[in-house]
Chemist: 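Below is one structure. I have some questions about it.
Proteins get letters first, then strands, A, B, ... in listed order; numbering begins at 1 in each.
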There are 2 protein chains.
Amino acid sequence: MIKTDAFSTELQELARFAKAISHPARLAILKYLAETKTCISGDISDYLPLSRSTVSQHLNDLKELGLIHGEIDGLKVNYCLCCSSIDDYLKMFETFFESIRSVNVQCVTKTKT
Amino acid sequence: MIKTDAFSTELQELARFAKAISHPARLAILKYLAETKTCISGDISDYLPLSRSTVSQHLNDLKELGLIHGEIDGLKVNYCLCCSSIDDYLKMFETFFESIRSVNVQCVTKTKT
DNA sequence: ATTGTATGCCGTAAAAATACGACATTGGTT
DNA sequence: AACCAATGTCGTATTTTTACGGCATACAAT
């Protein structure tokens, strides 16, 4: 499988971003980080209805894309949003959907298959 | 599993939108529909390196969220973007990320865990 | 009426995502 | 030195996604 490779890198990158934010837990983490500015992993798993290891995994997904950073501070790890990276992905997102939306198709809404 | 229910409907809806566009094939379909204005399913599977049944499934995913419509025209089905629905989701998306981005955290980029 | 074509759906197989407990590691605390 | 606390990793189970071929349906054409 993995036919994913057959598509342009632009679409692949955008898809990876979308996948990263395609789970409520990860969106909740982003939101929580924005509100608290910075926080440790344990705070997040207390806040979310998920186990520590699961939260750790979600944090990893976000970190792999570069959407967040984790700074080690003794025993704890301070997580924070990586705004520059988020901005880059948002720009990519907007570019794509602007090109989509610029085409003003008169949508036939009568029949929905 | 399915801990998804524990999150707010806002986050769930946004996550569903993100999931819908989290595959290069579905992004490619949206792009193709924007370019060709309208087209039939067969054209898409010719254009994409995927089988007809797979494309049909992706089309269904997009249709379930309301991002596209399919109008039956005799033997064929004309697919087109549903701009109003797309706009709704884009608005939701922007609202979320504006609230995220409004918090200007000075990101510590030194250590990356 | 028979044939051909476009599509969707079903079953299935492989892969990826999700979620957790248990364990290991590392850095403070007493 | 011994202990506690916070985190990440590993293994595993379940679910979901991805992808396809084959079948059925519906319409058009001969």
Chemist: If you compare every side-chain N and O of B:His58 against the phosphate oxygens of D:dT17 (OP1, OP2), does one of them come in below 4.0 Å?
Modeler: no

Chemist: Nearest whole Å is fine: how far is D:dC20 P from B:Leu59 CG?
Modeler: 14 Å

Chemist: Whole Å only: how far is the CD atom of B:Gln12 from the C1' atom of C:dT18?
Modeler: 15 Å

Chemist: Restricting to nitrogen or oxygen on both sides, can you table the protein-nucleotides 22-27 of chain C pairs closer than 3.5 Å?
Modeler:
none

Chemist: Take B:Leu50 and A:Phe7 through the side-chain contact (heavy atoms from CB on, under 4.5 Å) test and state the conclusion after the steps.
Modeler: CA-CA 11 Å; B:Leu50 294 170; A:Phe7 299 95; 4.1 Å; yes

Chemist: Choosing from C:dT7, C:dC20, D:dT18, which nucleotide comes nearest the side chain of A:Leu50?
Modeler: C:dC20

Chemist: Using OP1 and OP2 only, check whether a side-chain N or O of B:Ser41 sits under 4.0 Å from C:dA6.
Modeler: no

Chemist: In whole angstroms, how far is the C1' atom of D:dT9 from the CD atom of A:Glu64?
Modeler: 13 Å

Chemist: Counting only side-chain nitrogens and oxygens, does A:Ser51 get under 4.0 Å of the OP1 or OP2 atom of C:dC20?
Modeler: yes

Chemist: Return the set of residues passing salt bridge (Lys or Arg N to Asp or Glu O under 4.0 Å) with A:Asp87 (not counting sequence neighbours), or none when no residue passes.
Modeler: B:Arg101

Chemist: Is there a side-chain polar atom (N or O) of B:Asn60 under 4.0 Å from OP1 or OP2 of C:dC9?
Modeler: yes

Chemist: Without decimals, in angstroms, what is the distance between B:Lys76 NZ and C:dT5 P?
Modeler: 12 Å

Chemist: Starting at atom CG of A:Asp61, determine the distance to atom P of C:dA17, rounded to an integer number of angstrom.
Modeler: 8 Å

Chemist: Heavy-atom nearest nucleotide on DNA chain C for B:Ser45 versus A:Lys19: which residue maps closer to 5'?
Modeler: B:Ser45

Chemist: Are OP1 or OP2 of D:dT7 and a side-chain N or O of A:Ser56 less than 4.0 angstrom apart?
Modeler: no

Chemist: Taking salt bridge (Lys or Arg N to Asp or Glu O under 4.0 Å) as the test, write out the residues that go with B:Lys31, two or more places apart.
Modeler: A:Glu10

Chemist: Pick base, sugar-phosphate or nothing for B:Ile40, based on heavy-atom distances below 4.0 Å to the nucleic acid.
Modeler: sugar-phosphate

Chemist: Please check if the side chain of A:Ser85 supplies one atom and the backbone of A:Gly66 the other of a donor-acceptor pair under 3.5 Å.
Modeler: yes

Chemist: Not counting sequence neighbours, which residues clear side-chain hydrogen bond (donor to acceptor under 3.5 Å, both in side chains) with A:Ser51? List them please.
Modeler: A:Ser53, A:Thr54

Chemist: Could you please name the option among C:dG8, C:dT18, D:dT7 that lies closest to any side-chain atom of A:Tyr79?
Modeler: D:dT7

Chemist: Apply side chain to side chain contact (heavy atoms under 4.5 Å, CB included) to B:Ser22 and list each qualifying residue two or more places apart in sequence or on a separate chain.
Modeler: A:Ala18, A:Lys19, B:Lys19, B:Arg26

Chemist: Provide, to the nearest angstrom, the distance between the CZ atom belonging to A:Arg16 and the P atom belonging to C:dA16.
Modeler: 14 Å

Chemist: How many whole angstroms separate atom CD1 of B:Ile44 from atom C1' of D:dA19?
Modeler: 17 Å

Chemist: Can you give the donor-acceptor pairs under 3.5 Å from side chains of residues 88-96 of chain B to other protein atoms, not counting sequence neighbours?
Modeler:
{"residue": "B:Thr95", "atom": "OG1", "partner": "B:Lys91", "partner atom": "O", "Å": "2.8"}

Chemist: Can you check the A:Leu65 CG to C:dA17 P distance for me, whole Å?
Modeler: 12 Å

Chemist: Is a donor-acceptor contact shorter than 3.5 angstrom present between the side chain of B:Gln57 and the base of D:dA19?
Modeler: yes

Chemist: Side chains of B:Leu67 and B:Asp61, heavy atoms from C-beta outward: is any pair under 4.5 Å?
Modeler: no

